[in-house]
Visitor: 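Structure in structure tokens, see below.
Letters A, B, ... are given to chains in the order of the sequence lines, protein chains preceding strands, and every chain is numbered from 1. Predicted, not measured: the structure shown is a model, and the values here were computed from it.
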2 protein chains.
Amino acid sequence: MNHRDAILAAAAGVFAQHGFRGSTTRRIADAAGVNEITIFRQFGSKEALIRAAMQHLTQSAGLATLPDIPSDPERELTVWSESFMQHLRLHSSIIRKTMGEIEERPEMGECATEVPRRASNDLCHYLVALKRQGRITEKFEAKTAAAMLLGAIFSDAMGREMMPENFPQPKEKAAHMYTRVLLRALGVENGSRKATNKQTKRSKQLSN
Amino acid sequence: MNHRDAILAAAAGVFAQHGFRGSTTRRIADAAGVNEITIFRQFGSKEALIRAAMQHLTQSAGLATLPDIPSDPERELTVWSESFMQHLRLHSSIIRKTMGEIEERPEMGECATEVPRRASNDLCHYLVALKRQGRITEKFEAKTAAAMLLGAIFSDAMGREMMPENFPQPKEKAAHMYTRVLLRALGVENGSRKATNKQTKRSKQLSN
DNA sequence: TGTGTAAGTAAGTGACTACTTGCATTTCTT
DNA sequence: AAGAAATGCAAGTAGTCACTTACTTACACA
């Protein structure tokens with residue numbers, strides 16, 4: 001493993017455990033199996049290192065995608081919600097730390113908000129497409145609906161460990177349950193609807 | 001103002017701005033207009049002071065209450081949601097910090113989770129009461145529904161400042177909008193229903 | 001007037017922090 | 001094999017941190 005990458009990974013790990021102030025260069029060096037000096041020669045300063053580590057992390061973060069043409073909303077949204085939730089849970093420590101430090105270090109904000117921003121956009125587009133298909137019967141505001149589902153998933157991922165009795169059991173089904181509540185609020189009926197040939201082709205083009 | 005209270009208030013404020021590691025005894029003493037030594041004589045250590053400040057804070061936190069007998073769900077839930085959201089927004093800094101530090105200082109957890117725990121309980125009870133009145137027509141799981149509304153409110157209070165375009169506008173109406181989405185998911189129809197005499201009496205008894 | 005208590009002042013302790021310098025060693029490239 | 005670049009080691013700098021000690025001041029109450 002490259003020394004540079006080892007340092008970046010160690011910095012991310014230590015930051016997730018101890019936050020910025022608790023991420024001493026010594027701790028990071030030890031975690032990376034590297035001399036403390038090497039950090040300064042590679043990155044110049046602790047601040048530059050942490051910044052680089054955060055960017056390196058968000059760049060490597062993949063997010064599941066929703067189809068452009070909805071076919072089976074409950075299934076598609078559930079899969080997507082589950083993958084989003086898994087991502088949040090996997091990174092819950094670093095997310096909590098970043099949220100706590102964002103007021104003192106606003107430059108972290110751009111980095112930290114990228115994933116939820118994209119998630120919100122993707123979800124809104126999907127819901128608008130559903131509406132265009134005439135499958136949303138209720139009066140409807142995409143951002144409100146999206147904020148509810150994403151908010152529920154986010155809070156679950158952040159808070160379940162601290163207060164498990166506040167959330168539905170088991171945690172593996174939570175994303176599915178939230179999704180169903182949302183779909184019921186929108187008046188979307190269960191079951192899939194076959195996409196037309198034309199739609200299928202277009203969807204395949206777009207997904208490449 | 002009592003010196004002790006001044007120190008507690010200053011500690012809470014400094015902690016909200018800088019977190020535990022950033023809350024130096026000097027900063028707290030300056031903010032309280034008190035000599036640094038006084039802190040150690042009064043509280044023994046920085047850790048004890050911060051703990052005392054957190055407890056002092058949660059004790060003084062009031063939460064709006066929901067009626068035992070639902071009458072006008074949309075109005076009652078909206079008022080309650082708005083008050084809960086206002087509370088979260090008011091304390092967003094300290095909540096974010098506490099969430100970030102909870103893994104390093106688990107004893108903060110009991111303190112931090114008290115308010116959301118009570119909120120979740122209150123909301124679940126209210127929803128169950130609604131169900132018992134036969135006003136929830138859909139298949140229904142109280143905790144899931146509660147987690148969705150509370151999650152949306154929590155995420156809004158924590159995240160709107162960072163990424164306002166992810167949330168419904170204007171922010172003053174957000175709590176109302178989330179509430180309406182939830183009620184639609186539960187199949188609760190609009191409008192109030194008069195409580196019977198019997199119910200009214202019982203509700204009055206319980207609220208004392 | 002004397003006494004106890006809470007507060008302030010001044011100085012300092014030992015541990016830790018980010019970061020630097022000088023020099024020896026390893027590793028990679030050519 | 002030769003030169004260059006990356007890395008390690010030892011030592012040190014200037015600053016901050018929580019916390020202590022020894023002594024002084026202000027005030028309440030008896």
Visitor: What is the first contacted nucleotide of DNA chain D and what is the last, in 5' to 3' order, if contact means an atom lying under 4.0 angstrom from a heavy atom of chain B?
Guide: D/dC17 to D/dT20
Visitor: Over how many whole Å does the gap from A/K46 atom NZ to C/dT20 atom C1' extend?
Guide: 17 Å
Visitor: Would you kindly give the CZ-to-P distance between B/R4 and C/dA6, to the nearest whole Å?
Guide: 11 Å
Visitor: Measure the CD-CD1 distance between B/E76 and B/I69 for me, rounded to the nearest 0.5 Å.
Guide: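 Going from CD on B/E76 over to CD1 on B/I69, the span is 10.5 Å.
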Visitor: Please give, in whole Å, the distance from C/dA18 P to A/L49 CG?
Guide: 11 Å
Visitor: If you measure only the distance, is there a donor-acceptor pair under 3.5 Å linking the side chains of A/T58 and A/E114?
Guide: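 No.
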Visitor: Side chains of A/Q17 and A/S93 only: does a donor on one sit below 3.5 Å from an acceptor on the other?
Guide: no
Visitor: Respond yes when some side-chain nitrogen or oxygen of B/T38 is under 4.0 Å from OP1 or OP2 of C/dA7, and no when none is.
Guide: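 So the side chain of B/T38 is outside the cut-off, no N or O lying under 4.0 Å from OP1 or OP2 of C/dA7.
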Visitor: How many whole angstroms separate atom CG of B/N2 from atom C1' of C/dA6?
Guide: 11 Å
Visitor: Roughly how many Å is it from CD1 in A/I28 to P in C/dT17, rounded to a whole number?
Guide: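 To the nearest whole Å, that distance equals 11 Å.
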Visitor: Test the A/K131-A/Y126 pair against the cation-pi criterion, namely NZ or CZ under 6.0 angstrom from the six-membered ring centroid and within 45° of the ring axis.
Guide: no
Visitor: Looking only at non-hydrogen atoms, find the nearest pair between B/R135 and B/P73 and report the distance.
Guide: NH2-CD, 3.3 Å
Visitor: More 5' along DNA chain C: A/T24 or A/I37, using each one's nearest nucleotide?
Guide: A/T24
Visitor: Take A/L8 and A/L49 through the test side chain to side chain contact (heavy atoms under 4.5 Å, CB included) and record every step on the way to the result.
Guide: CA-CA 7 Å; A/L8 285 172; A/L49 163 62; 4.2 Å; yes
Visitor: Rounded to the Å, how far apart are B/E36 CD and C/dA7 P?
Guide: 15 Å
Visitor: Quickly work out the B/R26 CZ to C/dA10 P distance and round it to whole Å.
Guide: 13 Å
Visitor: Whole-Å distance between C/dA7 C1' and B/F40 CZ?
Guide: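 After rounding, the gap between these two atoms is 15 Å.
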